[in-house]
Number of protein chains: 2
Amino acid sequence: MSIDVKLILNQKLFLRDPQESSLGKKIIIQSVVLIEKLGFELFTFKKLAHEINSTEASIYRYFENKHLLLLYIMTWYWEWIDYVIDINWNNIDDDKQKLSIAIAIIADASEDEFTQTDIDLKLLHHIVIAESTKVYHTKLVDKENKKGLFLTYKKLAEKFVHLFEALNPSYPYPRVLASTLLEMSNSQVFYAQHLNRLTDIEVKREDYSQLKTVMEHFAFNLIGK
Amino acid sequence: MSIDVKLILNQKLFLRDPQESSLGKKIIIQSVVLIEKLGFELFTFKKLAHEINSTEASIYRYFENKHLLLLYIMTWYWEWIDYVIDINWNNIDDDKQKLSIAIAIIADASEDEFTQTDIDLKLLHHIVIAESTKVYHTKLVDKENKKGLFLTYKKLAEKFVHLFEALNPSYPYPRVLASTLLEMSNSQVFYAQHLNRLTDIEVKREDYSQLKTVMEHFAFNLIGK
DNA sequence: GTAAACACGATAGTAATACTATTATATATG
DNA sequence: CATATATAATAGTATTACTATCGTGTTTAC
């Protein structure tokens with residue numbers, strides 16, 4: 001078992017770095033499987049411990065609680081997306097093209113062929129779609145934000161902001177547009193799967209092409225030329 | 001104690017109609033106060049029972065669990081918004097003006113002077129901003145959706161969809177735009193208050209004017225003319 | 001090569017949560 | 001006045017979200 005892509009995450013997310021031991025890696029790999037299966041509310045450390053033939057107490061040595069484990073997983077995802085965008089921007093100079101590429105990646109990064117990891121990226125994507133808003137919709141947001149626990153997400157949004165500023169320096173709402181696109185990439189898929197009257201798009205068999213089209217429509221029309 | 005605005009909500013949201021008894025009304029009024037104060041995760045029926053000098057068992061006679069109580073509260077809010085929009089559309093024929101009005105109301109309905117209720121509308125608005133996505137981000141979405149528990153929200157979105165269709169019959173993404181605007185009305189405020197690098201707007205002292213402006217920018221620019 | 005440090009598993013225990021059930025009493029209804 | 005109903009009071013259960021302690025096997029340091 002190995003996580004070949006090693007991303008550097010905020011140390012305050014964990015008590016012991018899960019990327020540094022085989023138990024730690026098992027915790028991450030299996031928590032992705034279990035959270036996707038049970039949903040975050042029904043996911044417990046006890047159930048996870050059982051899956052990996054370990055104990056609750058051992059998992060608690062890595063993560064203070066399941067909320068921080070979820071935040072770790074989300075942060076891993078955002079950090080990975082950021083990295084995939086950078087790779088795919090290599091040698092691209094045109095900002096419009098860069099925007100299209102970045103949109104395609106947040107719509108569905110799991111097709112990326114360069115990533116080598118034991119984390120199931122499709123399951124992780126499903127978790128992000130279904131659970132991501134829960135990491136900041138808590139009474140602890142401000143405290144966790146002060147510790148820098150949301151920096152990765154904000155950095156990813158900034159990436160879009162910089163592009164919008166390059167494409168149209170006078171556009172008044174680059175941050176709103178960036179955060180809205182990031183949200184859409186999750187919520188519209190969720191609606192397509194569960195509340196389809198709230199969207200016009202379809203997502204069947206991991207085909208996110210319609211999502212990508214809508215996101216481009218939003219981005220390019222709002223930013224103007 | 002009385003809830004003068006009586007909205008008709010899906011019967012499957014509750015075991016006993018909280019609008020039909022004084023205990024029921026207390027449950028709703030105080031749960032709004034408590035959920036806003038504690039956040040949904042730390043809110044419990046035991047704490048609520050204590051606040052209203054009642055018991056857990058009594059509250060369980062009204063609501064199966066706290067999730068359905070939250071959904072009830074959210075549904076009340078959306079139903080109320082829908083009602084406020086209808087009132088404010090009275091005698092307005094211009095679709096652009098109707099859209100502006102509807103946007104202003106979802107940005108901040110609590111200014112509405114016609115509503116007479118013991119529910120604290122500003123606190124309720126805060127709950128919607130912080131907790132609304134939790135009502136459908138569960139493993140029960142599909143079951144609850146089949147029971148019609150999200151009809152009020154979908155109906156509200158449809159209202160926008162119909163407007164977009166009237167304004168531009170060839171616009172390809174009316175549902176995406178509707179659900180995105182509804183989401184923005186919560187998320188952008190949350191960002192302004194807690195993760196302000198994710199937004200360009202400011203919301204200070206319940207002044208939602210900048211939110212309204214951004215939402216109009218999105219709606220009118222995307223829908224075209 | 002051995003001692004110390006460490007990681008992990010095993011076990012136990014606690015307070016709180018999310019309920020369910022039963023009974024007694026007060027109140028409303030017919 | 002009898003009855004039905006709503007609620008309060010109480011008790012109890014399984015699960016959750018932890019915390020603490022201890023023993024053992026493995027790694028690391030010198």
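A note on names: the letters A, B, ... follow the listed sequences, proteins ahead of strands, and every chain is numbered from 1. The analysis underlying the following values was restricted to heavy atoms, covering all of them including side chains, and did not include hydrogens, waters or symmetry mates.
In this structure His162(B) satisfies the side-chain contact (heavy atoms from CB on, under 4.5 Å) test together with Glu158(B), Glu165(B), sequence neighbours excluded. Partners of Asp86(B) under the side-chain contact (heavy atoms from CB on, under 4.5 Å) rule, at least two apart in sequence or in another chain, are Asp82(B), Trp89(B), Lys159(B). Remark: Tyr83(B) engages no residue in a ring-ring contact (aromatic ring centres under 6.0 Å, His included) (not counting sequence neighbours).
The structure places CD of Glu144(A) at 5.0 Å from OG1 of Thr138(A), a figure rounded to the nearest 0.5 Å.
Protein chain B contacts DNA chain C over a range whose 5' and 3' limits, counting nucleotides with an atom under 4.0 angstrom from a non-hydrogen atom, are dT17(C) to dA21(C).
Side-chain rings of Phe190(B) and His126(B) stay apart, their centers remaining 6.0 Å or farther from each other. Under the 6.0 Å cut-off for aromatic ring centres, His50(B) and Phe45(B) do not qualify, their centroids lying 6.0 Å or more apart.
For the pair Tyr60(B) and Thr55(B), the minimum side-chain heavy-atom distance is 4.5 Å or more. Phe150(A) has its side chain within reach of Val135(A): a pair of non-hydrogen atoms, C-beta onward, lies under 4.5 Å apart.
Rounded to whole Å, the distance from CD on Glu41(B) to C1' on dC18(D) is 17 Å. The interatomic distance linking Glu64(A) (CD) with dT19(D) (C1') rounds to 13 Å, in whole Å.
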Practice problem: Let me have a per-nucleotide readout for nucleotides 6-16 of chain D, 5' to 3', with B, S or -, counting only protein heavy atoms under 4.0 Å. | Solution: SBBBB-----S

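Of the residues in residues 32-40 of chain B, none lies under 4.0 Å from DNA chain D by heavy-atom distance.
With respect to the salt-bridge test (charged N to carboxylate O, under 4.0 angstrom), the residues Glu79(A) and Lys6(A) do not qualify.
Counting any heavy atom pair closer than 4.0 Å across all strands shown, Tyr60(B) reaches a base atom.
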Quiz item: Stepwise, does the side chain to side chain donor-acceptor pair (under 3.5 Å) test hold for Tyr173(A) with Thr199(B)?
Solution: CA-CA 8 Å; Tyr173(A) 305 115; Thr199(B) 192; over 6 Å; no

